[in-house]
Amino acid sequence: MGVEVVVEDLSKSFGRQSIWKDVSLTLPPGEVSVMLGPSGTGKSVFLKTLVGLLKPERGRIVINGTDLVRCSEHKLYEIRKLFGVLFQDGALFGSMNLFDNVAFPLREHTRRSEAEIRRIVLEKMEMVGLVGAERKLPGEISGGMRKRAGLARALVLDPEIILCDEPDSGLDPVRTAYLSQLLIDLNAQIDATILIVTHNITVARTVPDNLGMLFRRELVMFGPREVLLTSEEPVVEQFLNGRRIGPIGMSEEKDEATMAAEIAHRDAGHSDGSPDEDIRGIVPQLEPTPGLPERMGVRRRKDRVMRILHTLPPQAQRGIIESLTRDEQVRYGVFAGAGVGGQGATAVTGTLVQEPVTGPISVVPPQPSPRPRPVPQQEVVRLPDSEWQPQAGQLGEPEQAEQPEPPSAGSRHRRRWLGRGGGA
Amino acid sequence: MSSPTSSFPGAGALRETGRLFALGLDVTRSTIKRPFQLREFIQQSWFIVSVTILPTALVSIPFGAVIALQLGSLTRQIGAQSFTGAASVLAIIQQASPIVTALLIAGAGGSAICADLGSRTIREEIDAMEVLGVSPIQRLVVPRVLAAMLISVLLNGMVSVVGVMGGYFFNVILQDGTPGAYLASFSALAQLPDLWISEIKALIFGFIAGIVAAYRGLNPSGGPKGVGDAVNQAVVITFLLLFFVNTVLSAIYLQVIPAKGS
Ligand SMILES: Nc1ncnc2c1ncn2[C@@H]1O[C@H](COP(=O)(O)OP(=O)(O)OP(=O)(O)O)[C@@H](O)[C@H]1O
Ligand SMILES: [Mg+2]
């Protein structure tokens, strides 16, 4: 299982220029997270800080119980072996051909035979679609190819934490789609914790479990994807829709005058070319290629999110509940159309109900399509946009067992959560 | 990196010096760490030889000649022709050859090392290497510094030989000195420690040139232009350091080792 990365109150500046401050977030183990942010807000700097290449002034980065900011050089090199990092420009070794580049970590850190190295390297090269280019030097290939070779090198040691700095920049939309699929498939196979930095809205909407955004020297938000995708925050709205109207300007800060002028232009009928429709909202998440194991991160995340559901904004709550399958709604004791405003009192319980059929079902107000009985397994499977089908034998697995909510304490918690959940 | 910075005049220079020394220590410590990068070491040695050997030979011949001519006329004026050979050998081996070596190691070898590491740094190759759990100091810097030291010692030997031969040629052929006297006076004034100090100087110069080049290469100030500046600075800083260290070493040597025959 992937490794959890905890970042606490991190601040970084270069000389007098503060890049970002008080950034706190947790990359949950085995989940895919995406960090958005306008150009120059320090996303690359953030990634480099995460692997200890840059020292922050304040804060902690905890991985496996070790604070990366203050540990010894030796320990740092140990921890780095958990990481696979794709740099913004690929950062291939210019003096080696692609094969040697990808083989480099294997040769440095393992005692494998040349034949075995060859097999692994070719497998990774095939994964990123670079078969046939092994003998080329990094100077002789396109930017997108460099990117993909960099990714192959980052993956060759089967890292537990994968950091990608703009995997999509320099790639065409088709390759970007393949790459997104590749990352999700990887996550399904090795359950690595993944953080992707990107400007690509499609990637941000469809790939991650968690979404965050850096802007104006701070972390605007970081949380389950539904929160950012439904956010009313002007920066987020502007960024997701790619408009000029909004707080983000060509330079980092936009002054009042520019903003007023732009709004005046728009009101005068000037089209700024950005689409009128609002593309915010929750879209189905990318799933692993059929045949691969299901992503464990998705299942863990679902439990985690349901536990903090009451703390999320109402639109996000609604989105999350609507995206659950009927069976899951029953299991978590929440129902579509509820969880917002007045109905909240009966909707958001957030408690993991051990036996799906009994319990909250009876107190629930009219549902979109009432079905008071447990759904037969086959029908669940055929539901169109179900992301996770509970399978009989798997509910009792370890992750399930460690759910911290004992049924007896449930009612007390429920009351407290209701109070906050309803008002949120 | 950017700790709370106090700024009194010269603080920057002190900080840089401190980091330079820290790198020197790091490199020394990493030298004994396994695995030793033999391939890189051999490649780098070969590379440095290939860029320095021809200029060194071309510089050392006139250098030997100038010293021989100068000393030849000087000794004739004071009537000590028979010591021309010894004097020029001493001058060449003790002073001229380490300095020529140093200039070439710094100017040709060091600048190449600095440019190479500098461009790797701005292409984020160094970062990538660190993230892959490989120390760039051990992997890249140590072999280069050792190569610079080795080649420096070898070049020093070569400069000495070529310089002495050049001196002989000019003294005997052009100034009508006697071959016998030139050779005989070798052993009258010169002694083995002279050769040792020469080689030790070369070794230290090679180390300094390597460290300074690596330091500037690993810390270029932003962008390809920064690399150019870094190379430039590396060469100038190395020259200054080498002349300073040379003075110190010569002074110590002359104090510690008694001159022959005295
Ligand atoms: N080594 C450095 N020294 C000084 N300033 C730096 C350094 N690296 C980055 N910066 C500054 O940090 C800021 C953020 O840079 P960064 O590369 O992280 O942006 P980014 O968010 O990745 O942008 P993009 O999306 O264009 O890649 C920039 O203003 C840059 O000038
Ligand atoms: Mg960047």
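Excluded from the calculations below are hydrogen atoms, water molecules and symmetry mates; all remaining heavy atoms, backbone and side chain alike, are included. Here is the naming used below: chain letters follow the sequence lines, and residue numbers restart at 1 for every chain.
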**OP:** Go through A:Asn64 and A:Ile79 one step at a time and tell me if the side-chain contact (heavy atoms from CB on, under 4.5 Å) criterion holds.
**Re:** CA-CA 9 Å; A:Asn64 275 346; A:Ile79 293 187; over 6 Å; no

Original post:
Ignoring hydrogens and geometry, is there a side-chain-to-backbone donor-acceptor pair from B:Asn246 to B:Leu242 under 3.5 Å?
Top reply: no

Original post:
Does anything in residues 44-52 of chain A get under 4.5 Å of chain B by heavy atoms, and if so which residues?
Top reply: A:Lys48, A:Val51

Subject >> Steps toward side-chain contact (heavy atoms from CB on, under 4.5 Å) verdict (A:Val5, A:Thr26) >> reply: CA-CA 6 Å; A:Val5 181; A:Thr26 300; over 6 Å; no

Original post:
How many angstroms lie between atom CZ of B:Arg139 and atom CG of B:Leu132, to the nearest 0.5 angstrom?
Top reply: 11.0 Å

Original post:
Is there a side chain to side chain donor-acceptor pair (under 3.5 Å) between B:Ser97 and B:Lys201 once you walk through the steps?
Top reply: CA-CA 10 Å; B:Ser97 111; B:Lys201 273 185 187 173; over 6 Å; no

Original post:
chain A heavy atoms under 4.5 Å from B:Ser119: which part of the residue, side chain, backbone, both or neither?
Top reply: neither

**OP:** Evaluate the side-chain proximity of A:Leu157 to A:His109: yes if any heavy-atom separation is below 4.5 Å, no if none is.
**Re:** yes

**OP:** Could you tell me which of A:Gly94, A:Ala154, A:Pro105 has the largest number of non-hydrogen atom pairs under 4.5 Å with chain B?
**Re:** A:Gly94

Original post:
Can B:Arg19 be said to sit on top of B:Tyr215's aromatic six-ring, NZ or CZ under 6.0 Å from centre and within 45° of the ring axis?
Top reply: no

Original post:
Given that the side chain runs from C-beta out, which part of A:Leu92 has a heavy atom under 4.5 Å from chain B: side chain, backbone, both or neither?
Top reply: backbone

